[in-house]
Amino acid sequence: MTNTPVALTLNAGSSSLKFGLFSIGAAPVEMAVGLIESIGKTPKLKASFGPGMPPLSRDLTPAEARDHKSALATALAVLRQHFPEAKATAVGHRVVHGGPSYDRPMRLTPEVMEELRRLSPFAPIHQPHNLAGIEAAIEAFPDALQVACFDTAFHRTHPKVNDVFALPRAYYDKGVRRYGFHGLSYDYIGGELKRIAPLIHDGRVIVAHLGNGASMCGMINGRSVASTMGFTALDGLPMGTRTGQIDPGVIFYLVQQEGMSIDEVREMFYSKSGLLGLSGLSNDMRALEAAGTAQANEAIDYFVFRIRRELGGLAAALGGLDALVFCGGIGENSRLIRERVCEGMGWIGLELDRERNAAGDTMISTDLSRARIMVIPTNEELVIARAAKTFVEMRQGGSGIPGPDQR
Ligand code: AMP
């Protein structure tokens with residue numbers, strides 16, 4: 001392992017840092033993955049280190065994760081303890097916004113950093129944390145290749161009609177467009193479909209990434225045609241704490257009649273709405289399924305209803321449906337949500353096999369179902385590690401920027 005190049009992957013959220021260590025020899029192999037959550041509040045660390053090594057789970061002191069920089073230092077200290085020999089050749093970063101032009105991973109040069117800073121106003125809650133993570137990683141690994149992988153890049157194949165809002169034209173040119181997000185997850189699922197079910201991959205597929213953040217993507221031949229998230233990661237499905245689609249008139253009402261400031265509205269839409277807002281209980285689907293209260297059930301009902309609505313809309317955008325794929329924490333683990341999404345969907349060709357669904361199989365449709373239903377665990381970290389590997393290989397002699405198809 002000592003001579004094999006190693007890539008560190010970093011995924012900095014607003015109050016969390018996910019990290020991974022991959023050996024990037026022939027194909028990337030995961031050595032460790034971890035998460036520091038609740039940075040700046042009551043931070044916790046979880047990490048796993050592959051077969052045979054006990055996982056780690058402990059509360060951190062406030063000083064160990066006061067901000068993203070100290071959280072990164074803590075993550076690196078943990079990795080060094082377990083892999084004292086490993087030296088990162090490349091660091092791959094998940095970056096939420098790549099704007100209208102980045103349709104693939106990019107090496108982080110000063111020019112690219114400048115462009116990403118310019119895009120910060122488009123993702124004010126996430127992009128500054130991503131950039132802070134990159135700056136801290138450059139300081140920690142000055143000799144490593146730094147690579148950015150964008151959540152928006154996968155959707156740059158959208159036809160223009162699905163990128164525009166019906167606003168005066170000048171705003172499109174200023175960047176007010178439907179970008180789409182969760183692209184690393186969709187890229188991974190597309191790659192897995194190509195590997196395990198190439199005929200399905202080539203067809204019309206809807207992927208439902210249902211986690212604390214949730215969105216859906218319609219793909220043909222592994223390329224994004226339409227997705228439910230738009231200008232920001234607030235649009236589309238209701239999420240753990242985010243509203244999903246909402247009539248913009250509600251914002252005018254809250255500001256003009258309720259006297260809320262724009263910052264208060266934003267905070268409410270991002271952090272107090274969605275499953276948490278509707279249930280008044282929790283943003284965690286497990287807690288809602290267990291609660292069984294009328295309000296918790298109503299939150300679940302709305303979540304399912306919106307998924308089913310988007311399913312119909314995306315199928316129309318694709319001109320039909322050959323497969324539905326579930327992923328994300330809820331999509332991968334909640335048999336109840338999968339069952340309720342697929343209930344009575346025979347009209348669109350989906351017939352769920354309840355036993356396969358309960359058993360957690362990969363293929364959970366009946367043998368007679370016209371369209372397939374699948375569950376595929378997603379792996380965004382691996383997509384980042386693959387991009388890092390490609391750039392390391394390019395530095396070793398290749399040339400050209402890798403395209404989105406190079407998985
Ligand atoms: P993610 O953001 O992809 O990590 O997904 C987090 C969401 O997955 C949370 O709402 C969890 O409650 C949900 N989740 C994880 N495991 C289960 C499960 N077994 N049943 C229902 N929801 C789950």
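Nothing here was measured: the structure is a model prediction, and the numbers come from that model. Just follow the structure's listing: the first ligand is 1, and inside any ligand the first atom is 1.
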Report the C-alpha distance between H158 and H155 in whole Å, list the side-chain angles of each, state the deciding distance to 0.1 Å, and finish with yes or no for ring pair (Phe, Tyr, Trp, His ring centres under 6.0 Å). CA-CA 6 Å; H158 280 182; H155 301 294; 5.3 Å; yes
Is a side-chain donor-acceptor pair under 3.5 Å present for H182 with S215? yes
Check: P43 main-chain N/O paired with E37 side-chain donor or acceptor under 3.5 Å: no
Any nitrogen or oxygen of G328, main chain or side chain, under 3.5 Å from a nitrogen or oxygen of ligand 1? no
For atom 10 (O) of ligand 1, which protein heavy atom lies nearest, and how many Å away is it? M285 N, 3.1 Å
Per-residue contact class, N283 against ligand 1 - non-hydrogen pairs under 4.0 Å: backbone
Just jot down the ligand 1 atoms closer than 4.0 angstrom to any heavy atom of G211, in number order. 1 (P), 2 (O), 3 (O), 5 (O)
Is the charged tip of R177 near the ring of Y172: under 6.0 Å from the six-membered ring centre and within 45° of its axis? yes
Considering only protein heavy atoms, which is closest to atom 19 (N) of ligand 1, and at what distance to one decimal place? N333 CB, 3.3 Å
Can you tell me if L336 contacts ligand 1 (heavy atom of the residue under 4.0 Å from the ligand)? no
Would you please classify the geometry between the Y179 ring and the H97 ring as parallel, tilted or perpendicular, with 30° and 60° separating the classes? perpendicular
Aromatic centroids of Y171 and F165 separated by under 6.0 Å: no
The protein heavy atom nearest to atom 23 (C) of ligand 1 is R286 CG, 3.7 Å
Could you tell me the residue and atom name of the protein heavy atom closest to atom 7 (C) of ligand 1, and the distance to it rounded to 0.1 Å? I330 CG1, 3.8 Å
Cation over ring face, K87 and F141, 6.0 Å, 45°: no
Ignoring hydrogens, just give me the one of T378, N212, D284 whose non-hydrogen atom is nearest atom 11 (C) of ligand 1. D284
Please report whether ligand 1 has a polar contact with G329, defined as an N or O pair separated by less than 3.5 Å (distance criterion only). yes
